[in-house]
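These numbers come from the heavy atoms of this one structure, side chains and all, not from hydrogens, waters or symmetry mates. Sequence lines set the chain letters: A, B, ... in the order given, protein chains first and strands last, and positions in each chain run from 1.
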There are 2 protein chains.
Amino acid sequence: MNSTRQALIDSMKELLWLRGYDATSPNQVLDHCGAGKGSFYHHFKGKKALAIEAMNERVDEMIDECDAIFTADIPWLKKFETFLLQPRAGIKGCPVGRLAFDPSMADRDLREPITRYFSHLQYRITNELMEAQQDNMIDSFFMAEELAAMIISSIQGGYVQSRALNDAQQIEHSCRGAFALLYVHTTALNESF
Amino acid sequence: MNSTRQALIDSMKELLWLRGYDATSPNQVLDHCGAGKGSFYHHFKGKKALAIEAMNERVDEMIDECDAIFTADIPWLKKFETFLLQPRAGIKGCPVGRLAFDPSMADRDLREPITRYFSHLQYRITNELMEAQQDNMIDSFFMAEELAAMIISSIQGGYVQSRALNDAQQIEHSCRGAFALLYVHTTALNESF
DNA sequence: GTCTATACACCGATAGAC
DNA sequence: GTCTATCGGTGTATAGAC
């Protein structure tokens, strides 16, 4: 059966979110899912191999959620409202972004899923902004890539502040600030027509 | 002499920046500054005590840099331009913010300097934005705290993206995006008068 | 496929000579 | 104030029985 194998992946996913890669030991994974050491090294070559599989599953899920919003048939500003103002676990942090400063990022293989996630986010958001610019909904003065980076930062930086201040609401403030700026700029542009 | 003691603090400051708290061992600090184990535990109670002292020094420096900008006698928008567009080591990350997801943040004493830094940043920036609002330079529609959180996020989230994509320029994009939004909104407001 | 026992390196910290 | 030797604990991984 694959159930033990999947249980190991699921436990690793959760512990990577809670504690990162470096601070998560095989023993912790085993305690979390109730498996034994033998199972671990039977199903996976080692900690690194399991973590890569776990991270790729996580990233696939996160990318699906992102795409569900940005490929929906709703107005562009509503997409950003949905994306930015969705509820988030400020203290836990982003399952992907929280690994950015984990010592494991020195390893190319372990960094790859994280790179894949942020590349995709930037691609989706930049595209959406460029379309809005073509429709004259956003001033062409802006570099779409820069706005996209700022929007992603309002989430990732929000998590950092939530953590640093031990206050789950910080990320909400950050995202509302980003959306407000986008919103006001857009309505101002529309009024001038 | 205090030179060994200060060398230990300086090495810990550098290693906290490069590798964080959890992944930095006393042995690494010793190798970095050439001291021996005896010196370490003579001058400090342990790893935690040294790290707290090192972090407080770092935070004091960072706060001084921040205050130098926001208490300068220059127009408010220029302050944000200076603050946001200053050169940054994207790959290394923020010496303070990079610790947000370090396992050590579970410890109140170790988190305290980090909390102090972000509290101060928010205080300074929120104040500056509120003054700009009183002078009708920024629309009162905005919540100053939310804009402040977003501005800090454009830096911290920019670091996260630089790390994740292994591209030092990402943080620059993010900060330019944030400043552009602030800049355009302000000039738009001025033109309407 | 899963278990227990074991190996070896490194962790944070201490002891005691100099 | 600084050194080396050493401690108990934990990390990742392997061996070999079942």
Please tabulate, for the side chains in residues 171-181 of chain B, all donor-acceptor contacts under 3.5 angstrom to protein atoms that are two or more places apart in sequence or on a different chain.
unit_1	atom_1	unit_2	atom_2	d
S174(B)	OG	S153(A)	OG	2.7
S174(B)	OG	S154(B)	O	2.7
R176(B)	NE	E146(A)	OE2	3.2

Review item, side-chain donor-acceptor pairs of residues 80-88 of chain A, under 3.5 Å, at least two apart:
unit_1	atom_1	unit_2	atom_2	d
T82(A)	OG1	K78(A)	O	2.8
Q86(A)	NE2	F83(A)	O	2.9
R88(A)	NH1	F83(A)	O	3.3
R88(A)	NH1	L84(A)	O	3.2
R88(A)	NH2	F83(A)	O	3.0

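Contacts classified as ring-ring contact (aromatic ring centres under 6.0 Å, His included) and involving residues 114-135 of chain A (residues at least two apart or in different chains) are not found. Evaluation of the salt bridge (charged side-chain N to carboxylate O under 4.0 Å, His left out) test over residues 40-49 of chain A, restricted to residues two or more places apart or in two chains, returns K48(A)-D107(A), K48(A)-D109(A). Screening residues 10-24 of chain A for salt bridge (charged side-chain N to carboxylate O under 4.0 Å, His left out), with sequence neighbours left out, gives K13(A)-E57(A), K13(A)-E61(A), E14(A)-K92(A).
Ion pairing between D60(B) and R116(B) holds under the 4.0 Å rule for side-chain N and carboxylate O.
In terms of the side-chain hydrogen bond (donor to acceptor under 3.5 Å, both in side chains) criterion, residue partners of H32(B) (sequence neighbours excluded) are, by chain and number, S11(B). Partners of R124(B) under the salt bridge (charged side-chain N to carboxylate O under 4.0 Å, His left out) rule, at least two apart in sequence or in another chain, are D67(B). Legend: residues meeting salt bridge (charged side-chain N to carboxylate O under 4.0 Å, His left out) with D31(A), ordered by chain and number and at least two apart, are absent.
Using cut-offs of 30° and 60° for the angle between ring planes, the F141(B) and Y183(A) rings count as parallel.
Note on I63(B): it clusters hydrophobically with I114(B), by side-chain heavy-atom contacts below 4.5 Å among ILVMFWY residues.
Distance NE2 (H42(B)) to P (dG12(C)): 21 Å, rounded to an integer number of Å. In this structure, CG of L15(B) is placed 12 Å from P of dG12(C), rounded to the nearest angstrom.
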Show the distances under 3.5 angstrom between N or O atoms of the protein and N or O atoms of nucleotides 7-9 of chain C.
none

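Checked by atom type and distance alone, the side chain of Q133(A) pairs as donor or acceptor with a backbone atom of D139(A) at under 3.5 Å.
Comparing the end axes of the helix from dG1(C)-dC18(D) to dC18(C)-dG1(D), each fitted to five base pairs by superposing C1' atoms of four pairs onto the next four, gives an inter-axis angle of 10° (nearest 10 degrees).
Closest of all the heavy-atom pairs between C94(B) and M62(B) is SG-CE, 4.0 Å.
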At under 4.0 Å between heavy atoms, how does the protein contact nucleotides 3-18 of chain D? Give one character per nucleotide, 5' to 3', with B, S or -. BB------SBBB----

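For residues 100-109 of chain A, proximity to DNA chain C is found at no residue, defined as any non-hydrogen atom under 4.0 angstrom from a strand atom.
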